[in-house]
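Worksheet: the structure to be examined is printed underneath.
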Protein chains: 2
Amino acid sequence: MTALTEGLQDYLEAILLCERKHRFVRTKHLAERLRVKSPSVHTAVKELTRLELVEHESYGHIELTPEGRKEAESVYSKHKVLYHFFAETLGLPDALAEETACGIEHHLDDKTIGKITRLLDFIERKAKEDPEFDAELKKVLEHD
Amino acid sequence: MTALTEGLQDYLEAILLCERKHRFVRTKHLAERLRVKSPSVHTAVKELTRLELVEHESYGHIELTPEGRKEAESVYSKHKVLYHFFAETLGLPDALAEETACGIEHHLDDKTIGKITRLLDFIERKAKEDPEFDAELKKVLEHD
DNA sequence: GCCTATAATTAGCCCAGGCTAACTTTCTTA
DNA sequence: TAAGAAAGTTAGCCTGGGCTAATTATAGGC
């Protein structure tokens, strides 16, 4: 359990995702994704560098260290489970599912995420096996 | 949608709960419940007073205004649903369920909470109606 | 190869929300 | 009823994490 603030976890996650999109991660990309200004990114990246979770040379690109990547992946894996829950299971609009997953991902530990994952798998299996279950579930969740 | 910070929402919720326990809410009670020091409570209560969500005369007790109560009850009702989910449905230890509910309650809007409520009701109904469903669900969630 | 646009950095500010230390008010009880 | 304990308040500080404005690097187009 690293003592990373929520904010720094968000930066790590954003770096991971930018990596997949842009190959070289830059301040600008993180600023856009996180909707902050570049000096805020700079401050955060400096702190992550101090913590040896990223490497960053001045005016250069930003890279995750192995530990930083591990941390980023842990956050992102939680995000994916939660997004799935809100978007697929509950049927929230995409943007709301994203936003909600972002807001809460830092507050759930690994075991809790594991349990949620298994619960969702179970529900999905049941829905696939049993059309009546599926229909009832949809009914229950259909209205706002 | 009031622009209350998470922190101020926590104070309102704490006032609501202290009310039920102590009759007169005091700075000291809020400080204990929220695990902060009394000057922090004082600052927050002053701000809530300015927002007309509580009434507080110097050295006196703290009361919710009608709007403050509405807000507090909204937060607390989310808390209850989430606590139920984590403690009852997932079977997390009490303290963890509490802490997790507290951490995320500010990030879920009313509709989402409504959907979660209906999902949990559905699962519980199924478990009651169908012993095999119940057994499978327990099995799925039994290990950490 | 220089000049400008874009990106990154630095300096310095603000706000929320903690804290301690010191002081004031209120309550209790001898 | 006066004194000490307990509670509340005030002053002033710190940290995280935003921001703007100003400066410095870099990279492309002429």
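Every chain is numbered from 1 and lettered A, B, ... according to where its sequence line falls, protein lines coming before strand lines. Quick caveat: nothing in here was measured; it's all calculated off a predicted structure.
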Electrostatic pair A:R69-A:E19, nearest N-O below 4.0 angstrom: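 Yes.
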Rounded distance (nearest 0.5 Å) linking atom CZ of B:R125 with atom CZ of B:F133: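 One gets 10.0 Å once the value is rounded to the nearest 0.5 Å.
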Reported NE2-to-CD distance for the pair A:H106 and A:Q9, which is rounded to 0.5 angstrom: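 Those atoms lie 5.5 Å apart.
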Would you kindly give the [atom1]-to-[atom2] distance between [X] and [N], to the nearest whole Å?
| X | N | atom1 | atom2 | result |
| --- | --- | --- | --- | --- |
| B:E6 | D:dG17 | CD | C1' | 14 Å |
| A:E57 | C:dT9 | CD | P | 11 Å |
| A:L4 | D:dG17 | CG | C1' | 15 Å |
| B:F24 | C:dC27 | CZ | P | 12 Å |
| B:K46 | C:dA16 | NZ | P | 12 Å |

B:E142, CD: over 12 other non-hydrogen atoms inside 6.0 angstrom: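 Correct, the count exceeds 12.
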Are the side chain of [X] and the backbone of [Y] linked by a donor-acceptor contact shorter than 3.5 Å?
| X | Y | answer |
| --- | --- | --- |
| B:K115 | A:L141 | yes |
| A:S77 | A:S74 | yes |
| A:R118 | A:I113 | no |

Any N/O pairs under 3.5 Å between the protein and nucleotides 20-24 of chain C? List them or say none.
none

Counting just side-chain N and O atoms, does [X] come under 4.0 Å of either OP1 or OP2 of [N]?
| X | N | result |
| --- | --- | --- |
| A:T43 | D:dG16 | no |
| B:H42 | D:dG8 | no |
| A:S58 | C:dT9 | yes |

Within residues 25-36 of chain B: residues closer than 4.0 Å to DNA chain D (heavy atoms):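 Under 4.0 Å from DNA chain D: B:R26, B:T27, B:K28.
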Sugar-phosphate, base or nothing in reach of A:H61, heavy atoms under 4.0 Å: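 Result for A:H61 = nothing.
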Cluster check A:L108, A:Y83: I/L/V/M/F/W/Y, side chain < 4.5 angstrom: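 No, it is not one cluster - the side chains of A:L108 and A:Y83 are not joined through contacts under 4.5 Å.
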Review item, side-chain donor-acceptor pairs of residues 32-58 of chain B, under 3.5 Å, at least two apart:
unit_1, atom_1, unit_2, atom_2, d
B:T43, OG1, B:P39, O, 2.9
B:E47, OE1, B:R50, NE, 3.1
B:E47, OE2, B:R50, NH2, 2.9
B:T49, OG1, B:V45, O, 2.7

